[in-house]
There are 2 protein chains.
Amino acid sequence: MQTDRLSKQIEFIKEIDKIKYIQRRTKLINSDRHENDAEHSWHLAMMTIVLAEYSNTPIDVLKVLKMVLIHDIVEIDTGDVFLHDTTKNHDNTDEETTAAKRIFGMLPPEQAEEFIIVWEEFEEGETNEAKFAKAMDRFEPLLQNASNKGGTWAEYNVDYQRVIDTAFKIKKGSETIWSYTEDLLNKSVEEGILLKR
Amino acid sequence: MQTDRLSKQIEFIKEIDKIKYIQRRTKLINSDRHENDAEHSWHLAMMTIVLAEYSNTPIDVLKVLKMVLIHDIVEIDTGDVFLHDTTKNHDNTDEETTAAKRIFGMLPPEQAEEFIIVWEEFEEGETNEAKFAKAMDRFEPLLQNASNKGGTWAEYNVDYQRVIDTAFKIKKGSETIWSYTEDLLNKSVEEGILLKR
């Protein structure tokens, strides 16, 4: 027995294997090896489970997990957009929407629609779940950079103010993790691995 | 503000980054690049979300996700145990229990206990959630091997009967995916990438 529905789902499962080749700018903890999007997404999922208690509001953890697990799948087609690349549009672009439609569109129609809605909700960042998911997405590279003598901050000459400005979304998801982030960034300035002009 | 509780959780989050270095025997789809445990765990989580409807019984998807996301964390200390290595004990060994206590034990006590219980439930494979999680864990390498001219079946001289015997756990989680698996393995025999003696 092999239904058309299941075949579509298996083709999708095979297609998204490609996310394991999408390399991010950030590197693993205490490492010079770049992280890929599958590893990144796994880590955000673990962070969600461990840190959900710090959300500013009650959240549906299952929905946040779906968000962080799928949030970078569009990058199979678009590639990774570096957070501190000021020449790139960081909003939900036409290119990303096309990618979402192609990749999630491999699934049976109502499942494709569900995935696209979850991805759009994450991108818009307005619901409690999206705010927390975005907080995790911003928080992970800070831990990595702080462990790597500044990591991409040093490599791409990103200063304290720019890091604070982009990390600020963490506050919308979790005041507690934002407070930890402020401490971490101040400590990084003291250690000389993050430049305060 | 930086509580002792949050500090413990962050140390755990940094520690589990090491799973990204634990290499499996299987390789990515249509690839000669080995998969690591973080990528593998992410893929099982995605498969769980996409395929949950085929579980033999209703399941708590959030619990299955926790299982598949954490199931290989012990391998940070023990290393990957290859499914078809007949010289190794594949049951929940003392070494794995020690690893679970060390790594999950970095978390605040009640959270550590929760993670250990979820991991043990997965290992025992008796609840509906554990059966489905184990089905995903067995199913993913079959898709990989079938896409890689036999992959580890060919590389380690594993025949059809051995593959069927180890894949049989899929049936306990999902009759539908088991049926798909039987078709896939028969097709692999026909294609000459899986040996039927």
Side-chain angles (χ1 to χ4, degrees), chain A residues 1-3 5-7 9-10 12-21 28-31 33 35-43 45-51 53-54 60-62 65-66 68-70 73 107-108 111 114-115 118 139-140 143-144 146-147 175-177 179-180 182-184, chain B residues 1-3 5-7 9-10 12-21 28-31 33 35-43 45-51 53-54 60-62 65-66 68-70 73 107-108 111 114-115 118 139-140 143-144 146-147 175-177 179-180 182-184:
Chain A
M1 190 195 71
Q2 180 175 335
T3 64
R5 179 175 175 85
L6 179 55
S7 294
Q9 290 162 321
I10 301 284
F12 171 79
I13 286 165
K14 286 158 77 172
E15 176 69 14
I16 62 174
D17 196 68
K18 293 176 183 166
I19 205 176
K20 299 169 190 172
Y21 296 101
L28 304 186
I29 302 273
N30 297 318
S31 172
R33 204 265 271 168
E35 184 179 47
N36 68 53
D37 273 350
E39 297 168 331
H40 165 65
S41 302
W42 172 81
H43 219 151
M46 286 302 304
M47 290 167 66
T48 297
I49 295 171
V50 173
L51 302 176
E53 65 188 89
Y54 301 111
D60 173 350
V61 174
L62 177 57
L65 286 177
K66 287 181 180 177
V68 299
L69 288 167
I70 72 168
I73 283 180
L107 289 164
Q111 205 168 33
E114 185 206 332
F115 276 62
V118 168
F139 187 48
E140 191 223 23
L143 294 177
Q144 291 167 326
S147 79
E175 292 281 353
T176 307
I177 296 171
S179 175
Y180 182 96
E182 287 185 306
D183 289 350
L184 181 73
Chain B
M1 189 196 70
Q2 180 176 334
T3 64
R5 179 175 175 86
L6 179 55
S7 294
Q9 290 162 321
I10 301 285
F12 172 78
I13 286 165
K14 287 157 77 171
E15 176 69 14
I16 62 174
D17 196 68
K18 293 176 183 166
I19 204 176
K20 298 168 190 172
Y21 296 102
L28 304 186
I29 302 273
N30 296 318
S31 173
R33 204 264 270 166
E35 184 179 48
N36 68 53
D37 273 349
E39 297 168 330
H40 165 65
S41 301
W42 170 82
H43 218 150
M46 286 302 305
M47 289 167 66
T48 297
I49 295 171
V50 173
L51 302 176
E53 65 188 89
Y54 301 112
D60 173 349
V61 174
L62 177 57
L65 287 178
K66 287 181 180 177
V68 298
L69 289 166
I70 73 169
I73 284 180
L107 288 164
Q111 206 168 35
E114 185 205 332
F115 277 60
V118 169
F139 188 48
E140 191 223 23
L143 293 177
Q144 292 167 326
S147 79
E175 292 281 355
T176 306
I177 297 171
S179 175
Y180 182 96
E182 286 185 307
D183 289 349
L184 181 73

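Every chain is numbered from 1 and lettered A, B, ... according to where its sequence line falls, protein lines coming before strand lines. All values below come from the heavy atoms of this structure, side chains included, with hydrogens, waters and symmetry mates left out.
Neither the backbone nor the side chain of A:Asp37 comes within less than 4.5 Å of any heavy atom of chain B. No part of A:Glu182 comes within reach of chain B, as not one of its non-hydrogen atoms sits under 4.5 angstrom from that chain. For A:Leu65, the part sitting under 4.5 Å from any heavy atom of chain B is the side chain, from C-beta outward, and nothing else. For chain B, the nearby part of A:Leu143 is the side chain; its heavy atoms alone come within less than 4.5 Å. For A:Gln111, the part lying under 4.5 angstrom from a heavy atom of chain B is the side chain only.
Contacts with chain B were tallied for A:Leu62, A:Leu69, A:Ile70; A:Leu69 has the most, counting heavy-atom pairs under 4.5 Å. The greatest number of non-hydrogen atom pairs below 4.5 Å with chain B, out of A:Asn30, A:Val61, A:Ile177, A:Ile10, is found for A:Ile10. Among B:Met47, B:Glu114, B:Glu53, B:Lys66, the residue with the largest count of heavy-atom pairs under 4.5 Å with chain A is B:Glu53. Heavy-atom pairs under 4.5 Å with chain A peak, among B:Ile19, B:Ile73, B:Ile29, B:Leu107, at B:Ile29.
The shortest side-chain heavy-atom distance between A:Leu51 and B:Leu6 falls under the 4.5 Å cut-off.
Side-chain atoms of B:His43 come within 3.5 Å of backbone N or O of A:Ile13 as a donor-acceptor pair. A donor-acceptor pair under 3.5 Å links the side-chain atoms of A:Arg33 to the main chain of B:Lys20, judged by distance alone.
Looking at every heavy atom in both residues, A:Ile16 comes nearest to B:Trp42 through O-CH2, 3.6 Å.
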